[in-house]
*Asks:* 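Before we start, here is the structure in question, set down as structure tokens.
All values reported here derive from a predicted model rather than from experimental measurement. This chain uses plain numbering: 1 for the first residue, then up along the sequence.
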Amino acid sequence: PLDLGNIGNLVVVGGLSFLLGVIISPLSRIIYYPLFLRKQTMEKRVLEKIKITYPQVQVDFTAEQWPIIFAHIRRENLEIANNIDKSRAFNVMLRNISLGLLLLIITQIASLFQDRNLLLHSIIAVASFILLITTTSQGLRFHELFYLNIFEFAISTQLPLTIPSPKII
């Protein structure tokens with residue numbers, strides 16, 4: 001058994017948790033993006049949404065240029081860049097939690113066939129599925145917010161001070 005009072009054990013567990021996160025993050029990206037982002041990348045979807053919402057605004061960049069725009073934001077205003085980075089960090093965290101929940105659901109379904117405690121495994125699987133849907137939708141929201149903040153900053157630097165009202169979708 002693990003003695004949590006021992007500092008050495010905490011350091012080992014923390015290090016192993018970090019390594020597990022490093023391993024799981026690419027795996028979750030491989031599973032997450034094809035399942036939840038269909039035809040086009042999120043950055044293209046966000047830029048198209050901006051163009052539809054504000055048809056009178058001239059957009060002088062493409063969605064693929066977001067890393068260059070973000071590097072410019074980081075150089076111009078580090079505080080804004082850090083706030084934008086928080087959206088990406090939340091997205092990664094929620095994506096990894098979603099993968100963990102998916103693995104938990106799979107193990108609970110497998111346990112249904114091996115164990116006699118059907119009610120407990122069913123409740124855990126259903127609760128995990130509800131949490132999976134919630135964390136995935138929130139992760140997608142933060143993923144969209146990351147690109148939205150980048151593109152809004154880029155557009156705001158090229159606009160005059162009078163901004164027309166948005167078109168309601």
*Asks:* How many angstroms lie between CG in Asn117 and CD1 in Ile124, if you round to the nearest 0.5 Å?
*Replies:* 8.5 Å
*Asks:* Quick one: pull up CD1 in Ile150 and CD1 in Ile68 and give me the separation to the nearest 0.5 Å.
*Replies:* 11.5 Å
*Asks:* With side chains defined as the heavy atoms from C-beta onward, is the minimum distance between Leu132 and Ser128 less than 4.5 Å?
*Replies:* no
*Asks:* I need the His143 NE2 to Arg45 CZ distance, nearest 0.5 Å.
*Replies:* 8.5 Å
*Asks:* Mind checking whether Trp66 and Tyr147 have parallel, tilted or perpendicular rings, split at 30° and 60°?
*Replies:* perpendicular
*Asks:* I need the Gln138 CD to Phe90 CZ distance, nearest 0.5 Å.
*Replies:* 11.0 Å
*Asks:* Using side-chain contact (heavy atoms from CB on, under 4.5 Å) as the criterion, point out the one residue from Leu47, Ile50, Ile84 that pairs with Leu148.
*Replies:* Ile50
*Asks:* State plainly whether one hydrophobic cluster holds both Phe113 and Leu119, where clusters connect Ile, Leu, Val, Met, Phe, Trp and Tyr through side-chain heavy atoms under 4.5 angstrom apart.
*Replies:* no
*Asks:* Taking Met42 as the starting point, is it possible to reach Phe61 by hopping between hydrophobic residues whose side chains are less than 4.5 Å apart?
*Replies:* yes
*Asks:* Rounded to the nearest 0.5 Å, what separation is found between the CD atom of Glu48 and the CZ atom of Phe151?
*Replies:* 10.0 Å
*Asks:* Tell me, with the steps shown, if Glu144 and Lys49 meet salt bridge (charged side-chain N to carboxylate O under 4.0 Å, His left out).
*Replies:* CA-CA 11 Å; Glu144 179 180 357; Lys49 188 175 179 181; 2.9 Å; yes
*Asks:* Might you work through the side-chain contact (heavy atoms from CB on, under 4.5 Å) test for Arg74 and Asp85, ending with a clear yes or no?
*Replies:* CA-CA 10 Å; Arg74 190 174 301 278; Asp85 258 341; 2.8 Å; yes
*Asks:* Check whether any side-chain heavy atom of Arg95 lies under 4.5 Å from a side-chain heavy atom of Leu99, and answer yes or no.
*Replies:* no
*Asks:* Considering residues at least two apart in sequence or located in another chain, which fulfil the ring-ring contact (aromatic ring centres under 6.0 Å, His included) criterion with Phe70?
*Replies:* Phe146
*Asks:* Could you state the interatomic distance from NZ (Lys86) to CZ (Phe142), rounded to the nearest 0.5 Å?
*Replies:* 11.0 Å
*Asks:* Specify the closest pair of heavy atoms between Thr135 and Ser98, including all atoms of both residues, with the distance to one decimal.
*Replies:* OG1-OG, 2.9 Å
*Asks:* Please tell me whether Leu102 and Ile133 are part of a single hydrophobic cluster in this structure, the criterion being side-chain heavy atoms less than 4.5 Å apart.
*Replies:* yes
*Asks:* For the hydrophobic clusters of this structure (ILVMFWY residues joined by side-chain heavy atoms under 4.5 Å, transitively), does one cluster hold both Ile106 and Ile123?
*Replies:* no
*Asks:* Can Ile80 be reached from Ile155 by stepping across I, L, V, M, F, W or Y side chains whose heavy atoms are under 4.5 Å apart?
*Replies:* yes
*Asks:* Compare all side-chain heavy atoms of Ile97 with those of Met93 and state whether any distance is below 4.5 angstrom.
*Replies:* yes
*Asks:* Do any N or O atoms from the side chain of Asn149 and from the backbone of Leu145 form a donor-acceptor pair under 3.5 angstrom?
*Replies:* yes
